[in-house]
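Numbers for residues simply follow the sequence, beginning at 1.
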Amino acid sequence: VQLQASGGGLVQVGGSLRLSCAASGRTFSSAAMGWFRQTPGKEREFVAAIIWSGASTYYDDSVKGRFTISRDNAKNTLYLQMNSLKPEDTAVYYCAAGGTYYRTNYIPNYWGQGTQVTVSS
């Protein structure tokens with residue numbers, strides 16, 4: 001199983017980025033998926049999650065209203081649209097899949113490699 005994240009980069013404050021996470025090796029169309037992020041010296045933190053159908057989404061308060069998680073089960077791909085980016089959004093972003101969740105308490109089974117997002121002021 002592979003989760004390949006892409007779309008990170010350098011952006012100015014207030015800018016936007018769209019992260020993608022392509023899954024291979026198995027389908028996650030019946031599983032929850034999500035995004036986490038991590039900065040040096042800190043624990044990995046939850047950003048957003050989406051249930052298998054896409055009907056329900058959950059966000060950390062720090063990104064609510066600015067980030068949008070979505071998925072395309074036909075393409076086995078997860079997305080994170082990030083708008084109004086702030087310097088504190090700078091982190092390595094990881095996609096995740098499977099596992100268990102209850103709202104923002106998400107414990108995935110699979111992790112992708114990270115993609116760096118840097119927001120410059």
Side-chain angles (χ1 to χ4, degrees):
V1 175
Q2 266 199 325
L3 298 173
Q4 183 73 37
S6 61
L10 175 64
V11 64
Q12 290 188 329
V13 170
S16 298
L17 281 175
R18 189 193 196 203
L19 305 184
S20 298
C21 175
S24 60
R26 61 155 283 183
T27 178
F28 289 102
S29 59
S30 60
M33 299 183 77
W35 292 94
F36 291 73
R37 65 187 180 187
Q38 189 171 23
T39 54
K42 292 188 175 182
E43 290 188 358
R44 195 170 296 184
E45 63 178 17
F46 171 83
V47 174
I50 185 168
I51 69 169
W52 68 274
S53 66
S56 293
T57 56
Y58 305 97
Y59 298 93
D60 183 77
D61 286 344
S62 64
V63 306
K64 204 172 291 184
R66 300 187 298 120
F67 290 11
T68 302
I69 189 171
S70 62
R71 63 192 296 167
D72 185 335
N73 286 339
K75 295 181 179 179
N76 219 17
T77 301
L78 176 71
Y79 304 98
L80 185 68
Q81 178 67 43
M82 305 186 295
N83 298 328
S84 303
L85 283 161
K86 304 176 181 180
E88 52 264 43
D89 295 319
T90 295
V92 177
Y93 283 71
Y94 297 89
C95 58
T100 60
Y101 72 95
Y102 178 72
R103 295 182 182 273
T104 61
N105 187 12
Y106 178 36
I107 304 173
N109 284 340
Y110 302 96
W111 292 95
Q113 96 295 352
T115 185
Q116 176 70 46
V117 171
T118 303
V119 184
S120 65
S121 56

Side chain to side chain donor-acceptor pair (under 3.5 Å) involving Thr68 - partner list, sequence neighbours excluded
none

I need the full list of salt bridge (Lys or Arg N to Asp or Glu O under 4.0 Å) pairs touching residues 88-99, with sequence neighbours left out, sorted by first then second residue.
Arg37-Asp89, Arg66-Asp89

Residues in side chain to side chain donor-acceptor pair (under 3.5 Å) contact with Gln116, at least two apart in sequence or another chain:
Thr118

Ser121: partners by side-chain contact (heavy atoms from CB on, under 4.5 Å), with sequence neighbours left out
Val13, Pro87

Sorted by chain and number, sequence neighbours left out, side-chain contact (heavy atoms from CB on, under 4.5 Å) with Ala5 holds for Trp35, Cys95, Gln113, Thr115

Give the other cluster members for Tyr102, using side-chain heavy-atom distances under 4.5 Å between Ile, Leu, Val, Met, Phe, Trp and Tyr residues; answer none if it is isolated.
none

Quick one: which residue pairs count as a ring pair (Phe, Tyr, Trp, His ring centres under 6.0 Å) with a foot in residues 39-96, not counting sequence neighbours?
Phe36-Phe46

Tell me whether Thr39 contacts the main-chain N or O of Ala91 through its side chain, where contact means a donor paired with an acceptor under 3.5 Å.
no

Which pairs count as side-chain hydrogen bond (donor to acceptor under 3.5 Å, both in side chains) when at least one residue sits in residues 1-16, sequence neighbours excluded?
Ser16-Asn83

Disulfide (SG to SG under 2.5 Å) pairs, two or more places apart, involving residues 46-94
none

Report whether Ile51 and Met33 are members of the same hydrophobic cluster (ILVMFWY, side-chain heavy atoms less than 4.5 Å apart, transitive linking).
no

Quick one: list whatever passes side chain to side chain donor-acceptor pair (under 3.5 Å) with Ser120, sequence neighbours left out.
none

Quick test of your reading: applying disulfide (SG to SG under 2.5 Å), list the pairs with at least one residue in residues 41-93, sequence neighbours left out, ordered by first then second residue.
none

Mind checking what makes side chain to side chain donor-acceptor pair (under 3.5 Å) contact with Asp60, not counting sequence neighbours?
Ser62

